[in-house]
Amino acid sequence: MHDFFIPVIKSALRSTGIETNKQIIIEQPAEKKFGDFSTNIALLTAKECRRNPRELAQQIIEHLVFPPDTIAKIEVAGPGFINFHLTSFFIMRSLQQVLHEGDAYGKGSVGTGKRAIVEYVSANPTGPLTIGRGRGGVLGDCIANLIATQGYEVTREYYFNDAGRQMQILGESVRFRYLERCGKEKEFPETHYKGEYIKDIAENIYSEHGAALAEDSTVLTFKESAETIIFSSIKKTLERLGIRHDSFFNEHTLYTPDEAGITANQRVIEALRENGFIAEYDGATWFLTTKLGQEKDKVLVKSTGEPSYRLPDIGYHISKFERDFAMMVNVFGADHIDEYPDVIEALKILGYDTERIKIAINQFVTTTVDGQTLKMSTRKGNADLLDDLIDDVGADATRLFFIMRSKDSHLNFDVELAKKQSKENPVFYLQYAHARICSLLRMALQETGFDPESNTEYHLLQLLTSPAELQLGFALLDYPDRIKASVRLLEPQKMVEYLHSVAELFHRFYQECPIIKAEADICKARLFLALATRQVLRNGFRILGVSAPESM
RNA sequence: GUGCCCGUAGCUCAAUGGAUAGAGCAUCAGCCUUCUAAGCUGAGGGUUACUGGUUCGAGUCCAGUCGGGCGCACCA
């Protein structure tokens, strides 16, 4: 609908003789009495025109030229808002678009022909996924879905490292458990992974090799077994939530020399050095971030000769630029908040267009069961596991709960609420609306023989004029703009909120307007409206990765 | 100490700088001989943590104060 208003207003401003570079904003007033849409353009430009905003608004109105039968009323209100009331004819006629476009309804085209990458989860394979990781996983997956609606070809990538210190500790942890299994008790180090899964992996190795590896002092075998087993369990957990990555980027490739015998890491160092941002001291190689106004320099290569995580991170992002992505989204938890500014700075120094990089940070999750808060730590082995949560509440509730709050807000995951099969649970409220429509369409076919899916008498929609029908129809037309807003903010929560309002408007319509019992043409029209509602719910559910049950 | 996020109804949370700050839950009062009551209608409930500032207009932007979360490694 924005696209409907903007050109008309632009042209009216021209005819009125107003020159402005201010952006024209179309908004929906909180109250219907202020119209379906309004613009504050007269308020914004009044000052530079040195005019009274209300008079200016009146003058703009006189130059507005809309297509016939679209606008019922235009008025100046308050300090100088211009409010637009749509005709019911226009709303209902526009709804035909929902039915014509079907699954494609709501899609945009700004990303057509462009490629985007969304990096998410990216947990190193040191243990099963925790609930906290789950939030980032679902958020990333929904963001990828959102971006894809705008035409981008999206790559979903998982970045991991199987060569670092944590993986070494993992291997050692397994070896300790293995030795225990072989009857060679050793004291288990405080710093190592204590989860039950470590014992399972050790048991697995024992059943394959017996005690043959007990004298082997290297951890390689243990590490590799652990990695294989854990990675496949991580993928299995993600699969349960419908999360599938297209690409797994192993950080270790950045340590591997190319034909010229140089690693990506070395190239980063040399490139930064040419720009004067590298120095060696205290036995380490430093990124001179003090030159950028920071308090301390940052280590890129440790005195042990190993790169710190920052160096490969920079190299990894360069690989994204080399793969020519127009948009790059990084999704990670609040604990990694300090990770990206240095990377961005380095990329800027090296001349990359960092505007393409978007960061989506999700705040933490606390889980409450029976009002008790759970705390987690992978290392201590008392983590709250994502798999357990999915077992408990199901994939749909898991996904929806993770994104039904703004990513900037701490999430309180109430397990009891997620399990409830009642109206308190937002998952059921949304899905019930869909199931109810399916049931209605089945019943209608049986009672009247009319199937709105195989008919195209969409013009009948114009018979509908009641407030409940118009409000629902209006909401359905808003869907494309809602997706765009959600994409812009990288915020799936906006979609949850929107779909909730659609469900609510449908329930009211259903309550107030008899459908099957109505006169034949009205009945058909209402079934078309129900069908359009179902289409929007389905399309929205697909973005969120929530199932659309046909009956409940 | 410092960087980021948060502070809005009893609870969980909304509100691209707009008009009288909204939902859900909980509480109270109604609506099923009629298409799914897993639903709908209505009522009560607020100094948007505090103090200044910018603006025609601030929950929103800026500065400061107070409170909570997460970071601040030659871990990732």
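Nothing here was measured: the structure is a model prediction, and the numbers come from that model. Protein chains get the first letters and strands the later ones, always in sequence-line order, with residue 1 at the start of each.
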J.: Is A:I361 touching bases, backbone alone, or none of the nucleic acid, heavy atoms closer than 4.0 Å?
T.: nothing
J.: With rounding to whole Å, what would you report as the distance between B:G44 and B:C4 at their C1' atoms?
T.: 39 Å
J.: For A:C523, which contact category applies under a 4.0 Å heavy-atom criterion: base, sugar-phosphate, or nothing?
T.: nothing
J.: With the side chain of A:Y309 defined as its heavy atoms from C-beta on, choose the nearest nucleotide among B:C74, B:A76, B:A19.
T.: B:A76
J.: Of A:S551 and A:S406, whose nearest nucleotide on RNA chain B comes first from the 5' end?
T.: A:S406
J.: Just to be sure I understand the rule, does A:N425 reach a base, reach only the sugar-phosphate, or reach nothing, if contact means heavy atoms closer than 4.0 Å?
T.: nothing
J.: Indicate syn or anti for B:C32, taking the glycosidic torsion and treating anything within 90° of 0 as syn.
T.: syn
J.: So, under a plain 3.5 Å distance rule, would you say the side chain of A:N83 forms a donor-acceptor pair with the base of B:A19?
T.: yes
J.: I want to verify a distance call: between B:C35, B:U55, B:U20, whose nearest atom is closest to the A:K47 side chain?
T.: B:U55
J.: Rounding to an integer number of angstrom, what distance separates B:U48 and B:A23 when you compare their C1' atoms?
T.: 16 Å
J.: Salt bridge check: are A:E172 and A:K223 linked by an N-O gap of less than 4.0 Å?
T.: no
J.: Is any side-chain heavy atom of A:M1 closer than 4.5 Å to one of A:D481?
T.: yes
J.: In whole angstrom, give the distance that lies between atom CD1 of A:I437 and atom P of B:A38.
T.: 16 Å
J.: Send over the distance from A:E251 CD to B:A76 C1', rounded to a whole Å.
T.: 8 Å
J.: Output the single nucleotide from B:C13, B:U36, B:G71 whose closest atom is nearest the side chain of A:I337.
T.: B:G71
J.: Quantified in whole Å, what is the C1' atom distance between nucleotide B:G69 and nucleotide B:C62?
T.: 24 Å
J.: What integer distance in Å separates A:I82:CD1 from B:C56:C1'?
T.: 16 Å
J.: To the side chain of A:E339, which of B:C56, B:A76, B:C74 is closest?
T.: B:A76
J.: Atom CZ of A:F364 to atom C1' of B:C6: distance rounded to whole Å?
T.: 14 Å
J.: Cut-off 3.5 Å, side chains only: do A:N250 and A:N161 have a donor facing an acceptor?
T.: no
J.: With sugar-phosphate meaning primed atoms plus P, OP1 and OP2, does A:S303 contact a base, only sugar-phosphate, or nothing at under 4.0 Å between heavy atoms?
T.: base
J.: Could you please name the partner base of B:C70, counting Watson-Crick and G-U wobble pairs only when both distances are under 3.5 Å?
T.: B:G3
J.: In whole angstrom, give me the gap between the P atoms of B:G59 and B:G53.
T.: 15 Å
J.: Both distances below 3.5 Å, Watson-Crick or wobble geometry, any strand: find the nucleotide opposite B:G45.
T.: none
J.: Nearest of B:G69, B:U36, B:A19 to any side-chain atom of A:A77?
T.: B:A19
J.: CD of A:Q493 versus C1' of B:U16: gap in Å, rounded?
T.: 14 Å
J.: Within the 4.0 Å heavy-atom criterion, would you say A:A30 contacts the bases, only the backbone, or no part of the nucleic acid?
T.: nothing
J.: Check for me whether A:K73 meets the cation-pi criterion with A:F84, that is, NZ or CZ under 6.0 Å from the six-membered ring centre and within 45 degrees of the ring axis.
T.: no
J.: Would you say A:R534's side chain and A:C438's backbone share a donor-acceptor pair under 3.5 angstrom?
T.: no
J.: Could you please name the option among B:C56, B:G68, B:C74 that lies closest to any side-chain atom of A:H410?
T.: B:G68
J.: May I ask which nucleotide in the shown strands pairs with B:U33, Watson-Crick or G-U wobble, both distances under 3.5 Å?
T.: none
J.: Can you tell me, in whole Å, how much space there is between the P of B:A19 and that of B:U60?
T.: 13 Å
J.: Between atom CG in A:L43 and atom P in B:G57, what is the gap in whole Å?
T.: 11 Å
J.: Can you tell me if CD on A:E519 sees more than 12 non-hydrogen neighbours from other groups inside 6.0 Å?
T.: yes
J.: How does protein reach along nucleotides 39-50 of chain B, written 5' to 3' as B (base within reach of a heavy atom under 4.0 Å), S (only sugar-phosphate), or - (no contact)?
T.: BSS---------
J.: Suppose we define a pair by two distances each less than 3.5 Å, Watson-Crick or G-U wobble; what does B:C11 pair with here?
T.: B:G24
J.: Go ahead and name the base partner of B:G64; Watson-Crick or wobble counts if both distances stay under 3.5 Å, otherwise write none.
T.: B:C50
J.: With the side chain of A:D338 defined as its heavy atoms from C-beta on, choose the nearest nucleotide among B:C56, B:C74, B:C72.
T.: B:C72
J.: Are B:G18 and A:F81 stacked, with the base six-membered ring and the side-chain ring centres under 5.5 Å apart and planes under 30°?
T.: no
J.: In whole Å, what separates the C1' atom of B:U55 from that of B:C61?
T.: 10 Å
J.: How are the rings of A:Y120 and A:H245 set relative to one another: parallel (under 30°), tilted (30 to 60°) or perpendicular (over 60°)?
T.: tilted
J.: With heavy atoms under 4.0 Å as the rule, sort A:S439 into base, sugar-phosphate or nothing.
T.: base
J.: State yes or no: are the ring centers of A:Y255 and A:H252 separated by less than 6.0 Å?
T.: yes
J.: Select base, sugar-phosphate, or nothing to describe what A:A46 touches, counting heavy atoms under 4.0 Å on all strands.
T.: nothing
J.: Send over the distance from A:N412 CG to B:G68 P, rounded to a whole Å.
T.: 18 Å
J.: Nearest nucleotide by nearest heavy atom, which residue falls closer to the 5' end of RNA chain B, A:P29 or A:P307?
T.: A:P29
J.: Measure centre to centre between the rings of A:Y159 and A:F332, then say whether the value is under 6.0 Å.
T.: no
J.: Classify the nucleic acid contact of A:M552 as base, sugar-phosphate or nothing, counting any heavy atom under 4.0 Å across all strands shown.
T.: base
J.: Are A:F5 and A:F37 an aromatic pair by the rule of ring centers under 6.0 Å?
T.: yes
J.: Heavy atoms under 4.0 Å, any strand shown: does A:K407 hit a base, just sugar-phosphate, or nothing?
T.: nothing
J.: Write down the distance separating the C1' atoms in B:C35 and B:C40, rounded off to the nearest Å.
T.: 15 Å
J.: Under 3.5 Å, is there an N or O donor on one side and an acceptor on the other linking the side chain of A:S308 and the base of B:A73?
T.: no
J.: Provide the distance between the two P atoms, one in B:A43 and one in B:C25, to the nearest whole Å.
T.: 15 Å
J.: Do A:F249 and A:Y158 have their ring centres less than 6.0 Å from each other?
T.: no
J.: May I have the distance from A:E550 (atom CD) to B:U36 (atom C1'), rounded to whole angstrom?
T.: 15 Å
J.: Assess whether one donor atom and one acceptor atom, taken from the side chain of A:K484 and the base of B:U16, lie less than 3.5 Å apart.
T.: no
J.: Of the nucleotides B:C35, B:A23, B:C74, which has the atom closest to the A:K517 side chain?
T.: B:C35
J.: Which label fits A:F541 and A:H434: parallel for a plane angle under 30°, tilted from 30 to 60°, or perpendicular past 60°?
T.: tilted
J.: Can you find a donor-acceptor pair, distance only, under 3.5 Å between A:N40 side chain and B:G18 base?
T.: yes
